[in-house]
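Quick notes on the structure that follows.
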There are 2 protein chains.
Amino acid sequence: MRPRAKKPPMSKESLLPLLMGHVLAEGLGQASLRPLAKAAGTSDRMLIYHFGSKEKLIADLLSFAAGVYAAGLEAVITADARPATRAELLARILEQNADPASQPFKQLWWEIVGGAARDVPGFRPAARGMVNELLVWLERNMPPGDPDPAGGARLLLTVIEGTLMLSSLGHEDTARAGLLAGGLIEA
Amino acid sequence: MRPRAKKPPMSKESLLPLLMGHVLAEGLGQASLRPLAKAAGTSDRMLIYHFGSKEKLIADLLSFAAGVYAAGLEAVITADARPATRAELLARILEQNADPASQPFKQLWWEIVGGAARDVPGFRPAARGMVNELLVWLERNMPPGDPDPAGGARLLLTVIEGTLMLSSLGHEDTARAGLLAGGLIEA
DNA sequence: CCAAAAATGTAGCGATTGCTACGTGCGCTT
DNA sequence: AAGCGCACGTAGCAATCGCTACATTTTTGG
């Protein structure tokens, strides 16, 4: 028998992971239809056919990325025991974030933030969705007996995002020194 | 006398402010040569003539923007008296930053961060230059008698950047709640 | 089994991209 | 005055952009 071509009909759902792979690797700004299509094994013609327009495609892609991000957080939740202090929780997140494997996602994140700041059509809901996801995750995973879980989660969220940004610029040591000085992590 | 045409020969220095105006208004991603040229009252031809290539133009533009940012910080330095506590200093900066007039610059900032994270040719030095500028400014303006000015400045830098990002997404209240819970600002 | 509908390939359109080839006027030196 | 080089305008090129018209195949429903 000759090698079977992929028969399962392509759909938004089957395309989105491939498209996101290309965007993670190449960036959102350089994502034009033809390269995207090639990465997904199709043609620009079919991308428009399935998504209607590039704008809708990007919007779908961003909300898909938000879902992937949320799923990643859930995976961390059940992975290991809950940290006993805020400092431990913060350290764990930052450590996970320092993983080079999460760098493409960080790069994508800044493009999303930039788009959201300029109110590009699908960007703000995606960005807000992701930080909300992180916020409720933090709130649920605050150390037991924390005096102010809601406020503490918001504090951690803020310093996490700040550290994220500084580390994207190669300023991770600066952020770390600040967190140490603030007693937010321990040496 | 008939209306005088502009005679002073155009140069990088005279073009950069106009180019930056366009970039602040329209964004770095949409900055192609012809619109940029129109905003500066020239042609794409002359932009290439003066800057050599678009890449060099963008690099020059970013370092120019970094200079403008630094000058803005210096202006704040001499503007009023030094805050007496970290909380006051932080509050003052965040207040200045909440000014809608600084929003275009924030929008540009995320595009610079995104480019730096992806290591696009002129972006990382510009981004690092700006956060360094802010860092030394903070260090110089820490309240007198602060127990750890260096660490405190780095702590403030981190929470400032985090707050900046959250506020760009419309999450300023979340950041504020976090800073309150952390005792970094006062109600 | 046959027709309607859904899915896909091919080709191309008009616009925009960064950049260049070429010509021209203008001021400066010798 | 003759030459020369800088500063600029005009025109255009090859590549790419998002998208569409049209033809064709594949799937599905009665």
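Small disclaimer: the values here were computed from a predicted structure and weren't measured. Reminder, nothing fancy here: chain letters follow the sequence lines and each chain counts from 1. FYI, side chains are in, hydrogens and waters are out, and symmetry mates aren't considered; it's all heavy atoms of this structure.
Axis deviation across the helix from C:dC1-D:dG30 to C:dT30-D:dA1 amounts to 0°, comparing end segments of five pairs, rounded to 10 degrees.
At least one donor-acceptor pair closer than 3.5 Å links the side chain of B:R124 to the backbone N or O of B:A116. A donor-acceptor pair under 3.5 Å links the side-chain atoms of B:Q107 to the main chain of A:A117, judged by distance alone. Although no hydrogens or angles enter the test, the distance criterion places no donor-acceptor pair under 3.5 Å between the side chain of A:R86 and the main chain of A:P143.
Closest heavy-atom contact between B:A175 and A:T158: CA-OG1, 3.6 Å. When all heavy atoms of B:W110 and B:M165 are compared, the pair lying nearest together is CZ2-CA, 3.4 Å.
When rounded to the nearest whole Å, the span between NZ of B:K12 and P of D:dC8 equals 15 Å. One interatomic measurement links the two molecules: CG of A:L47 to P of C:dT8, which rounds to 11 Å at whole-angstrom precision. A straight line from CE of B:M46 to C1' of C:dT20 spans 14 Å, rounded to a whole angstrom. Atom CZ of A:F51 and atom C1' of D:dG18 are 15 Å apart (whole Å). B:I48 places its CD1 atom 13 Å from the P atom of C:dT17, with the value rounded to the nearest Å. Atom pair B:K54:NZ and C:dT16:C1' shows a separation of 11 Å (rounding to whole Å applied). Between A:L33 atom CG and C:dG12 atom P there is a gap of 20 Å when expressed in whole angstrom units. Note: CZ (A:R34) to P (D:dT20) measures 13 Å, nearest angstrom.
Donor-acceptor pairing under 3.5 Å is recorded for the side chains of A:S167 and A:K106.
Judged by distance alone with a 3.5 Å cut-off, no donor-acceptor contact links the side chain of A:D44 to the base of D:dC17.
Qualifying side-chain hydrogen bond (donor to acceptor under 3.5 Å, both in side chains) partners for A:E111, counting only residues two or more places apart in sequence or in other chains: B:R118. For B:R176, there are no side-chain hydrogen bond (donor to acceptor under 3.5 Å, both in side chains) partners two or more places apart in sequence or in a different chain.
Dashed line: the shortest gap from a side-chain N or O of B:S32 to OP1 or OP2 of C:dT17 is under 4.0 Å. At D:dC8, one or more side-chain N or O atoms of B:H50 fall inside 4.0 Å of OP1 or OP2 (strictly under the cut-off). One finds no side-chain N or O of B:Y49 lying less than 4.0 angstrom from the OP1 or OP2 phosphate oxygen of D:dC8.
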Which protein N or O atoms sit under 3.5 Å from an N or O of nucleotides 22-24 of chain C?
none

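Here the CG-CG distance, from B:D148 to B:L155, works out to 9.5 Å after rounding to the nearest 0.5 Å. With values rounded to the nearest 0.5 angstrom, B:L18 atom CG is found 11.5 Å from B:H22 atom NE2.
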For residues 126-135 of chain B, run the donor-acceptor check on the side chains, cut-off 3.5 Å, and write out each pair with its distance to 0.1 Å, sequence neighbours left out.
from, atom 1, to, atom 2, distance (Å)
B:R128, NH1, A:L169, O, 2.8
B:R128, NH1, A:G170, O, 3.3

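Proximity of residues 116-126 of chain B to DNA chain D (heavy atom under 4.0 angstrom from any strand atom) is not detected for any residue.
Counting any heavy atom pair closer than 4.0 Å across all strands shown, B:S53 reaches sugar-phosphate atoms only and no base atom.
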